[in-house]
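Reviewing the structure listed below.
Scope of the values below: all heavy atoms of this structure, side chains included, with no hydrogens, waters or symmetry mates. In what follows, chains are A, B, ... by sequence order, proteins preceding strands, each numbered from 1.
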Amino acid sequence: DQQVKQNSPSLSVQEGRISILNCDYTNSMFDYFLWYKKYPAEGPTFLISISSIKDKNEDGRFTVFLNKSAKHLSLHIVPSQPGDSAVYFCAATGNTGTASKLTFGTGTRLQVTL
Amino acid sequence: KAGVTQTPRYLIKTRGQQVTLSCSPISGHRSVSWYQQTPGQGLQFLFEYFSETQRNKGNFPGRFSGRQFSNSRSEMNVSTLELGDSALYLCASRAQGSPTEAFFGQGTRLTVV
């Protein structure tokens, strides 16, 4: 049972444009969400997170939006750069982020083209 | 500040053997979690250790076990290896307390032949 879903396995975006990565979840106990970026042969790197008490969190070029009623979150990258090309994982946890277990989606491979 | 260190980076083992992977967390972090990444299943939680105690466990068979030492370093052991155990094994460390992200190591690539 996949509790966190990333339905788009891949996404291609032109440099300078907006990249939008989507994530859906089914477990209503999740109340803290994170995005990780992963390059081949490396561990995931934390990007940005959001608590369920917010609907938006912004950090530089990265913004995460949370729609609790739809159980949906998205990561916006503006403007997209070639170095953003990587696999992006959405993750969720409970207890406002203090729970130890992260449940990951299967990832979306982003390719930013010149 | 040094990051999470996992050793070895690569490992090849034969079916039926056992393997031990090591993880040194970020200094001061007492929580260490282990994840398995496979192409079909994505990143799946194995278990978490905090202050030498297993605090949470994922849905993996008993062949997968771990432990944590007093210096917070952790080891993961897989016995009676199967071909399906071939994966990237990732370790993550977290600071205790308020919401915080997990910091991952580079992983150990295990290949079972």
Problem - Side chain / backbone / both / neither for B:Tyr35 at chain A, heavy atoms under 4.5 Å - result: side chain
Handout entry: cation_pi(B:Arg109, B:Tyr10) dist<6.0 Å, angle<=45
Key = no
Practice task
Can you tell which part of B:Gln37 gets under 4.5 Å to a heavy atom of chain A, answering side chain, backbone, both or neither?
Solution key: side chain
Exercise for the section: Given side chain to side chain donor-acceptor pair (under 3.5 Å), test B:Arg9 with B:Gln106 step by step and report yes or no. Expected result: CA-CA 8 Å; B:Arg9 289 292 311 277; B:Gln106 291 185 294; 3.2 Å; yes
Practice task
Under 4.5 Å heavy-atom distance to chain B, tell me which part of A:Phe89 shows up: side chain, backbone, both or neither.
Solution key: side chain
Practice task
Heavy atoms only, distances under 4.5 angstrom: which of A:Ala41, A:Gly105, A:Ala91, A:Gly107 has the most pairs with chain B? Name it, please.
Solution key: A:Ala41
Practice task
Please say which of A:Ile50, A:Leu73, A:Asn57 ends up in a side chain to side chain contact (heavy atoms under 4.5 Å, CB included) with A:Trp35.
Solution key: A:Leu73
Handout entry: Distance-minimising heavy-atom pair for B:Leu110 and B:Lys13
Key = CD1-CG, 4.1 Å
Problem - Side chain, backbone, both or neither of B:Ser31 within contact of chain A (heavy atoms, under 4.5 Å) - result: neither
Exercise for the section: Verify the cluster assignment for B:Leu43 and B:Phe64: are they in a single hydrophobic cluster under the rule of side-chain heavy atoms below 4.5 Å apart? Expected result: no
